[in-house]
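Numbering of residues begins at 1 and proceeds along the displayed sequence. These values consider heavy atoms only, across backbone and side chains, with no hydrogens, waters or symmetry-generated copies.
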Amino acid sequence: MRMRKKAHLEERWAKQQPRLIDCPAAHKGCWRELAPECEAVWLELGCGKGRFTAQTAQAHPNVLFIALERVADAMVVAMERCAGLGLSNVFFIDANAENLRDYFGDGEVDRLYLNFSDPWPAKAQAKRRLTHPDFLRRYARVLEKGGQIHFKTDNKDLFEWSLFQFPKAGYTLSEVTRDLHADGINGIMTDYEEKFYHEGKPICRCVATRGETASARLRLALPTEDDETAIWDYRQAFLDSGEDTDGASGLRETEDFRFWLHHACVGDVPGWVKADTFMALDERGTLVGMVNVRHTLNEHLERVGGHIGYSVHPNFRRRGFATEMLALALDYCRETLGMGRVLITCDDNNPGSARTILHFNATLENKVPDGDRLVRRYWVELD
């Protein structure tokens, strides 16, 4: 938690300690234990001074309301508002939205509110917007199936941009309006919203419902000896189609499953770099793809291989799985390996792979020859 230097703030903060969750990661997967009588968990990112927080929690006593805020001066006011109303179903987190997956389990949140988030108007700052695809994928992991994001903003440019991002990330849009209060006050307002309303400034709002999104459909798992049959079937599918098993650590060429599992998968082969090879499994546990993440680059990988290789089973293509697998691999690079940027490559004559890579705001550095093919080299910034 950040140091708070103002004496009066320290005193007010101390009085609200029962409402503050000092270690949100300790509650991951068990938030409902804070209020067993509650039927749902709603999360607000950036609660400000908490007018919306307090009134929404008061109106829905059967909901456990979690509010996240990074500005101490604002959050202490929000906590005091809730205390004044005697609310026992609302708690606060002093944390960053980018770390949600550290605090909430898969599908643990029923609804998420984004109210008047910072628009970060500069193009170079787009990744900071809370409706950027990177954030939407994080939300998809903590939202239950059919869970919703309620988004409000006074910034028309941000709203129009966000309307394009939600469907790309697998959300279905509804209740889209560019003037929420045209016929009078509609719903609970934030402090900013009330000010804008009296100024005659229109408020934009939409609801985005989580469907079978990229980050929601698949999970990555390290292979074990119990997966031999599934992996051998995966290999055979590529042998039958005459294709390479990219991202599978030489699976197509191997005849020894245990050598592949214990050596090739982790880069324990002369001339290879340390790596992790994952199975991409759907909700039924079906192997739909494989991903190889290299921790470092040697000369060959720096030139044409990159940090990440992946392939999708021939029977599961054209369903968006490649985008999802790459999203999960990039999350792993960022969150587990602590990488700041990642090199991803594809053949110049493979526009589908290029589109998948460009989905993550990749920058094409150059194209280099590799035998009789031309390879595109893209960098993806993870910070």
Original post:
Would you find a donor on one side and an acceptor on the other, under 3.5 Å apart, between the side chain of Arg235 and the backbone of Thr254?
Top reply: yes

**OP:** Indicate yes or no: does Arg178 engage Glu160 in a salt bridge with an N to O separation below 4.0 Å.
**Re:** yes

Original post:
Does Glu299 CD have over 12 foreign heavy atoms under 6.0 Å away?
Top reply: no

**OP:** Please answer whether the main-chain N or O of Gly29 pairs with a side-chain N or O of Glu108 as donor and acceptor at a distance below 3.5 Å.
**Re:** yes

Subject >> More than 12 heavy atoms of other groups within 6.0 Å of Phe238 CZ >> reply: yes

Subject >> Axial cation check for Trp120 ring with Arg129, 6.0 Å and 45° limits >> reply: no

Subject >> Nearest-0.5 Å distance, OH of residue Tyr197 to CD1 of residue Ile203 >> reply: 11.0 Å

**OP:** Verify the cluster assignment for Val293 and Val266: are they in a single hydrophobic cluster under the rule of side-chain heavy atoms below 4.5 Å apart?
**Re:** no

Original post:
Would Arg377 and Asp370 pass as an ion pair if we require N to O under 4.0 Å?
Top reply: no

Original post:
Is any NZ, NE, NH1 or NH2 atom of the basic residue among Arg334 and Asp134 found under 4.0 Å from an Asp or Glu carboxylate oxygen of the other?
Top reply: yes

Original post:
Can you find a heavy atom in the side chain of Pro119 that is under 4.5 Å from one in the side chain of Asp157?
Top reply: no

Original post:
Mind checking whether Trp260 and Ile231 have side chains closer than 4.5 Å, heavy atoms only?
Top reply: yes

Subject >> CZ-CE distance between Arg19 and Met79, expressed to the nearest 0.5 angstrom >> reply: 9.0 Å

**OP:** Using a strict 4.0 Å threshold on nitrogen-to-oxygen distance, state whether Arg51 and Glu194 make a salt bridge.
**Re:** yes

**OP:** Report yes if the side chains of Leu64 and Phe91 come closer than 4.5 Å at any heavy-atom pair, otherwise no.
**Re:** yes

Original post:
Salt bridge or not for Glu175 and Arg205, using N-O below 4.0 Å?
Top reply: yes

Original post:
Taking 4.0 angstrom as the limit, do Arg258 and Glu228 come out as a salt bridge?
Top reply: yes

**OP:** Mind checking the CG-CD1 spacing from Leu358 to Ile344? Nearest 0.5 Å is all I need.
**Re:** 10.0 Å

Original post:
Is Arg219 paired with Asp106 through a side-chain N to carboxylate O contact shorter than 4.0 Å?
Top reply: no

Original post:
Is a side-chain N or O of Lys152 found less than 3.5 angstrom from the main chain of Glu193, in a donor-acceptor match?
Top reply: no

Original post:
Do you know the tightest heavy-atom contact between Ala264 and Val269?
Top reply: CA-CG2, 3.9 Å

Original post:
Where do Ala275 and Asn292 come nearest, in terms of heavy atoms and distance?
Top reply: CB-ND2, 3.7 Å

Original post:
Is the shortest side-chain N to carboxylate O distance from Lys367 to Asp348 below 4.0 Å?
Top reply: yes

Original post:
Going from CE on Met290 to SG on Cys265, what distance comes out if it is rounded to the nearest 0.5 angstrom?
Top reply: 6.0 Å

Original post:
Parallel, tilted or perpendicular: which fits the ring planes of Phe151 and Phe159, with parallel below 30° and perpendicular above 60°?
Top reply: parallel

Original post:
Is there a path of hydrophobic side-chain contacts, each under 4.5 Å between heavy atoms of I, L, V, M, F, W or Y residues, that connects Leu364 with Leu330?
Top reply: yes

Original post:
Side chains of Asp276 and His295: donor-acceptor distance under 3.5 Å anywhere?
Top reply: yes

**OP:** Could you give me the CA-CA distance, side-chain angles and deciding distance for Asn62 and Glu37, then say whether side chain to side chain contact (heavy atoms under 4.5 Å, CB included) is met?
**Re:** CA-CA 7 Å; Asn62 62 333; Glu37 70 281 3; over 6 Å; no

Original post:
Checking salt bridge (Lys or Arg N to Asp or Glu O under 4.0 Å) for the pair Arg101/Asp331: CA distance, chi angles, key distance, verdict?
Top reply: CA-CA 11 Å; Arg101 289 176 57 190; Asp331 281 348; 2.9 Å; yes

Original post:
Quick one: are Leu143 and Ile149 in side-chain contact, heavy atoms under 4.5 Å?
Top reply: yes

**OP:** Take Leu287 and Asp227 through the test side chain to side chain contact (heavy atoms under 4.5 Å, CB included) and record every step on the way to the result.
**Re:** CA-CA 9 Å; Leu287 177 58; Asp227 300 306; over 6 Å; no

Original post:
Passes salt bridge (Lys or Arg N to Asp or Glu O under 4.0 Å), Asp110 versus Arg32? Steps please.
Top reply: CA-CA 12 Å; Asp110 299 275; Arg32 292 172 190 255; 2.8 Å; yes

**OP:** Check for a donor-acceptor pair, side chain of Tyr139 on one end and backbone N or O of Leu130 on the other, with a separation under 3.5 Å.
**Re:** yes

Original post:
So, do Thr363 and Tyr378 sit near enough that their side-chain heavy atoms are less than 4.5 Å apart?
Top reply: no

Subject >> Whether Thr345 side chain and Val375 backbone form a donor-acceptor pair below 3.5 Å >> reply: no

**OP:** Check the side chains of Thr53 and Tyr113 for a donor-acceptor pair under 3.5 angstrom, ignoring hydrogens and angles.
**Re:** no

Subject >> Test log, rule side chain to side chain contact (heavy atoms under 4.5 Å, CB included), inputs Gln17 and Asp22 >> reply: CA-CA 9 Å; Gln17 279 299 309; Asp22 288 316; 3.4 Å; yes

**OP:** Using atom types as modelled and distance alone, determine if a side-chain donor or acceptor of Asn96 lies under 3.5 Å from a backbone N or O of Glu98.
**Re:** no

Original post:
Is it true that atom NZ of Lys49 has more than 12 heavy atoms of other residues, nucleotides or ligands lying nearer than 6.0 Å?
Top reply: no

Subject >> Leu222 and Phe278: CA distance, side-chain angles, deciding distance, side chain to side chain contact (heavy atoms under 4.5 Å, CB included) verdict >> reply: CA-CA 5 Å; Leu222 295 171; Phe278 296 96; 3.4 Å; yes

Original post:
Under 3.5 Å, is there a donor-acceptor pair between the side chain of Arg210 and the main chain of Ala140?
Top reply: yes

Original post:
Has Asn366 got more than 12 heavy atoms of other residues, nucleotides or ligands less than 6.0 Å from its CG?
Top reply: yes

Original post:
Nearest 0.5 Å, what's the SG-CG distance between Cys206 and Leu163?
Top reply: 5.5 Å

Subject >> Mutual orientation of the aromatic rings belonging to Trp232 and Phe257 [parallel < 30°, tilted 30-60°, perpendicular > 60°] >> reply: perpendicular

Original post:
If we only count heavy atoms from C-beta on, is the Gln58 to Val90 side-chain gap below 4.5 Å?
Top reply: no

**OP:** Find out whether Tyr103 and His27 are in side-chain contact, i.e. whether some heavy atom of one side chain is under 4.5 Å from a heavy atom of the other.
**Re:** no

**OP:** State, yes or no, whether a side-chain contact exists between Ile66 and Leu68 at a heavy-atom distance under 4.5 Å.
**Re:** no

Original post:
How many angstroms lie between atom CZ of Phe116 and atom CE of Met189, to the nearest 0.5 angstrom?
Top reply: 8.0 Å

Original post:
Are any side-chain N or O atoms of Asp179 and backbone N or O atoms of Pro202, one a donor and one an acceptor, separated by less than 3.5 Å?
Top reply: no

Subject >> Matching residue for Val77 among Gln16, Arg12, Glu69 - test: side-chain contact (heavy atoms from CB on, under 4.5 Å) >> reply: Arg12

Subject >> Hphob cluster co-occupancy, Phe52 + Val63, side-chain heavy atoms under 4.5 angstrom >> reply: yes

**OP:** Answer yes if Leu220 and Leu382 sit in the same cluster of Ile, Leu, Val, Met, Phe, Trp and Tyr residues linked by side chain heavy atoms under 4.5 Å apart, and no otherwise.
**Re:** yes

**OP:** Is it possible for you to say whether Val291 and Val304 belong to one hydrophobic cluster, with membership spreading through side-chain heavy-atom contacts below 4.5 Å?
**Re:** no

Original post:
So, His262 versus Glu225: side-chain donor-acceptor pair below 3.5 Å or not?
Top reply: yes

Original post:
Are any side-chain N or O atoms of Asn298 and backbone N or O atoms of Gly271, one a donor and one an acceptor, separated by less than 3.5 Å?
Top reply: yes

Subject >> Note: Glu243-Arg317 ion pair, threshold 4.0 Å (strictly below) >> reply: yes

Subject >> Expected output: side-chain Thr224 to main-chain Asp226 donor-acceptor under 3.5 Å >> reply: yes

